[in-house]
Each structure stands twice: as structure tokens, then as C-alpha cells.
Amino acid sequence: MAEKTLPTYLSLDEAAKVMSLSVKTIRRRIADGTIPAYQCGRRPIRIRLDELEAALRRIPSARW
């Protein structure tokens with residue numbers, strides 16, 4: 001039986017560092033639905049690393 005790996009959850013500070021963004025921008029992306037976030041009761045907000053990476057979108061390259 002294969003061992004199931006658990007998802008990695010990041011704090012807002014950690015997510016901001018991973019994405020090279022401010023915490024304020026991370027909060028804005030959560031508010032607009034771009035980045036899903038989770039909270040259990042009154043505990044701090046957490047973001048799954050795989051969903052944070054999935055929120056990135058590729059920008060088409062321009063030909064110079």
C-alpha cells in the first residue's frame with residue numbers, strides 16, 4: 001500500500017515569501033478568489049502550497 005502524502009499548508013507570511021509578494025497582496029488574492037485559503041475555527045489562515053502554485057498563470061511571450 002502506497003503511503004499517502006499530506007498537503008503542505010503555509011501561513012500568509014510563508015506564502016508571501018514563496019511568491020515574492022506582500023502579505024497584503026496574498027490577502028487580496030484570497031479575497032478575490034484567486035488563491036483558496038483555509039481556516040479551522042479561530043486558527044490562523046493557511047494556504048495549500050499546491051493551490052498557491054496553481055494560482056500562477058503563464059503570461060504568453062511576446063515576439064520582439
Side-chain angles (χ1 to χ4, degrees):
M1 186 170 155
E3 189 174 319
K4 188 175 181 180
T5 58
L6 296 174
T8 302
Y9 287 88
L10 305 174
S11 68
L12 293 178
D13 284 334
E14 292 167 332
K17 286 178 187 168
V18 166
M19 299 296 285
S20 299
L21 299 170
S22 69
V23 173
K24 190 173 182 177
T25 300
I26 295 292
R27 286 184 180 277
R28 277 193 229 114
R29 297 295 77 87
I30 292 168
D32 71 14
T34 304
I35 299 174
Y38 303 90
Q39 189 175 27
C40 183
R42 296 183 54 94
R43 299 192 60 98
I45 295 170
R46 296 286 181 229
I47 300 167
R48 282 180 54 166
L49 179 58
D50 57 342
E51 292 178 342
L52 182 64
E53 292 169 339
L56 291 175
R57 62 182 174 88
R58 185 173 182 191
I59 299 172
S61 62
R63 296 189 182 240
W64 298 100

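Counting begins at 1 with the first residue of the sequence.
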In this structure, CD1 of Ile45 is separated from CG of Leu12 (nearest 0.5 Å) by 5.0 Å
For residues Ile35 and Tyr38: do they belong to one hydrophobic cluster (side chain heavy atoms under 4.5 Å, members Ile, Leu, Val, Met, Phe, Trp, Tyr)? no
Please tell me if the side chains of Glu14 and Leu49 come closer than 4.5 Å, counting only heavy atoms from C-beta onward. no
Does Ile47 belong to the same Ile/Leu/Val/Met/Phe/Trp/Tyr cluster as Tyr9, with side-chain heavy atoms less than 4.5 Å apart forming each link? no
Taking CZ in Arg27 as the centre, count heavy atoms belonging to other residues, nucleotides or ligands within less than 6.0 Å. Is the count above 12? no
Rounded to the nearest 0.5 Å, how far does CZ of Arg48 lie from CG of Leu10? 11.0 Å
Pro44 vs Gln39 side-chain heavy atoms within contact, under 4.5 Å: no
side-chain contact (heavy atoms from CB on, under 4.5 Å) assessment of Met19 paired with Leu56: CA-CA 9 Å; Met19 299 296 285; Leu56 291 175; 3.1 Å; yes
Shortest non-hydrogen separation from Ser22 to Ala16 and the atoms involved: C-CB, 3.9 Å
Do Asp13 and Ser11 have side-chain N/O donor and acceptor atoms under 3.5 Å apart? no
